[in-house]
Participant: 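Shown below is the structure under consideration.
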Amino acid sequence: MPPKVKIFIWRLLHNGIPVRQCIQSRFHNVQDVCPRCGGERETALHCLVLCPFANQTWQLSNLNAASTVNNNQEPWRWWSKLSELARRQLQGRKELALAAMLAWTIWKGRNAKVFEGKDVPPQQMYA
Ligand SMILES: [Zn+2]
């Protein structure tokens with residue numbers, strides 16, 4: 001797994017990825033709506049799992065990421081459930097690395113949208 005992906009997952013587990021909900025709690029004038037779908041508050045879990053754009057990315061794998069999340073869950077709880085699912089369903093570390101890569105891909109796609117105004121299809125982003 002590339003080091004930047006490991007760091008990203010580490011930050012996710014420590015509530016350290018700068019989604020809008022997290023920025024908004026520090027700077028109250030920032031909108032906290034999801035920059036991709038515009039439908040909900042952008043929490044880490046919305047961004048990485050619940051957002052329709054995230055869902056398209058998970059569909060590139062056989063992992064049913066949406067089944068591992070409830071609203072308001074801590075990111076680390078979600079990640080440990082997803083890891084469990086990956087282990088059971090796909091049998092092995094390789095697949096957990098795949099899950100990490102997909103989460104990272106979603107985050108990259110989100111940033112392409114936020115900082116460059118680009119909508120990149122997940123297939124292209126993952127390549
Ligand atoms: Zn969204």
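Atoms within a ligand are numbered from 1 in the order they appear, just like the ligands themselves. All values below come from the heavy atoms of this structure, side chains included, with hydrogens, waters and symmetry mates left out. For the single chain, residues carry numbers from 1 onward in sequence order.
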Participant: Taking Asp32's backbone N and O only, do any of them form a donor-acceptor pair with Arg20's side chain (distance below 3.5 Å, no angle check)?
Facilitator: no
Participant: Is the closest side-chain heavy-atom distance between Ile17 and Leu48 below 4.5 Å?
Facilitator: yes
Participant: What residues form a side chain to side chain contact (heavy atoms under 4.5 Å, CB included) with Ser80, not counting sequence neighbours?
Facilitator: none
Participant: Trp76: what forms a side chain to side chain contact (heavy atoms under 4.5 Å, CB included) with it, not counting sequence neighbours?
Facilitator: Leu13, Glu74
Participant: Would you mind checking if Arg110 and Glu42 are paired as a salt bridge, meaning a charged N to carboxylate O distance below 4.0 Å?
Facilitator: yes
Participant: Of all residues at least two apart in sequence or in a different chain, which pass the side chain to side chain contact (heavy atoms under 4.5 Å, CB included) check with Val120?
Facilitator: Ala112, Lys118, Gln124, Met125
Participant: What count do you get for protein N/O/S atoms less than 2.8 Å from the Zn ion (ligand 1)?
Facilitator: 4
